[in-house]
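Everything below concerns the one structure shown next.
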Amino acid sequence: VRYVIVQTLLEAHQDAAADAQPEALLALVELDNDAFHREIDRLLAQMFRSAEDSDRTLDGDAVVAYVRANFANPELSQDAVAAHFRCSTKSVTRVIKKKQGCSYQDFLTALRMKRACELLLTGLDTQKIVERVGYYDLSSFNRRFKSIFGVPPREWRAQHQSDRES
């Protein structure tokens, strides 16, 4: 059980960039029960403080603006945003949730789909739209679009162009 706890802390250490040294975490398995539990409590408190401090210094408006400005990049993952701001992915998750009220992926998808709808109304070829809104291929775009709007992009375009003409 101690090995599982230490392994989990090592993974959290890497994710949260906590101050605890991996060697110190590995030494935990050698401690007696009371010392082990005290040290685990101390490390967890330290890691949570570190995450809270990271969130306080991370400018949520800047993160949202960065995602808005770069949503068309198919490489714009949560990891990429975290790397850009030199923070953890969990910090990105928390600030997006706080600022937008939804997950990172839902926010990114909403931006992409809004732009896709705008471009569909221009008559632009769907393959070009796919490339301009951050998708790699037409089939994954079509699946995602249909899951959100209930119809494929071609059908959505036909319905909404006739609405505009009326």
query = Under the side-chain contact (heavy atoms from CB on, under 4.5 Å) criterion, do L121 and W156 qualify, and how do the steps go?
reply = CA-CA 9 Å; L121 293 175; W156 187 94; 4.0 Å; yes

query = Between K114 and E118, does a side-chain contact (heavy atoms from CB on, under 4.5 Å) hold up when you go through it step by step?
reply = CA-CA 6 Å; K114 179 179 185 274; E118 292 167 355; 3.1 Å; yes

message = Could you go through E155 and F149, starting from their C-alpha distance and side-chain angles, then the distance that decides it, and tell me whether this counts as side-chain contact (heavy atoms from CB on, under 4.5 Å)?
response = CA-CA 10 Å; E155 221 175 291; F149 296 103; over 6 Å; no

ask   = When you look at S140 and D137, which way does the side chain to side chain donor-acceptor pair (under 3.5 Å) test go after all the steps?
value = CA-CA 6 Å; S140 64; D137 63 84; 3.3 Å; yes

request  = May I have the step-by-step check of side-chain contact (heavy atoms from CB on, under 4.5 Å) for V133 and L119, ending in yes or no?
outcome  = CA-CA 9 Å; V133 298; L119 293 172; 4.1 Å; yes

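Expressed to the nearest 0.5 Å, how far OG1 of T93 lies from OH of Y104 amounts to 9.5 Å. Residue C117 holds its SG atom at 7.0 Å from NE2 of H160, rounded to the nearest 0.5 Å.
By the 6.0 Å and 45° rule, R115 does not stack over the aromatic ring of F71.
The closest side-chain heavy-atom distance from R94 to K98 is not below 4.5 Å. Annotation: side chain of Q78 is not in contact with side chain of I96 (no heavy-atom distance under 4.5 Å). At least one side-chain heavy atom of S91 sits less than 4.5 Å from a side-chain heavy atom of L58. When side chains are defined from C-beta on, F145 counts as touching L120, because their heavy atoms get closer than 4.5 Å. Between V92 and F85, every side-chain heavy-atom pair lies at or beyond the 4.5 Å cut-off.
Applying the salt bridge (charged side-chain N to carboxylate O under 4.0 Å, His left out) test to D125 and every residue at least two apart in sequence or in another chain returns nothing. The salt bridge (charged side-chain N to carboxylate O under 4.0 Å, His left out) check on R154 picks up nothing, with sequence neighbours excluded. With sequence neighbours excluded, no residue satisfies salt bridge (charged side-chain N to carboxylate O under 4.0 Å, His left out) with K146.
Between P153 and T126, the shortest heavy-atom distance links the atoms CB-CG2, 4.5 Å. Considering all non-hydrogen atoms of both residues, L76 and L108 come closest at O-CD2, 3.6 Å. Taking each heavy atom of D61 and K99 in turn, the nearest pair found is OD1-NZ, 3.1 Å. For R68 against L111, the heavy-atom pair with the smallest separation is NH1-CD2, 3.6 Å. The minimum heavy-atom distance between R112 and P74, with the atom names listed, is NH2-CA, 3.9 Å.
When only modelled atom types and interatomic distance are considered, T109 and D106 share no side-chain donor-acceptor pair under 3.5 Å. For the 3.5 Å distance criterion, the side chains of S77 and D79 fail to qualify, holding no donor opposite an acceptor.
Classified by interplanar angle (parallel below 30°, tilted 30° to 60°, perpendicular above 60°), the ring pair F141/Y135 is perpendicular.
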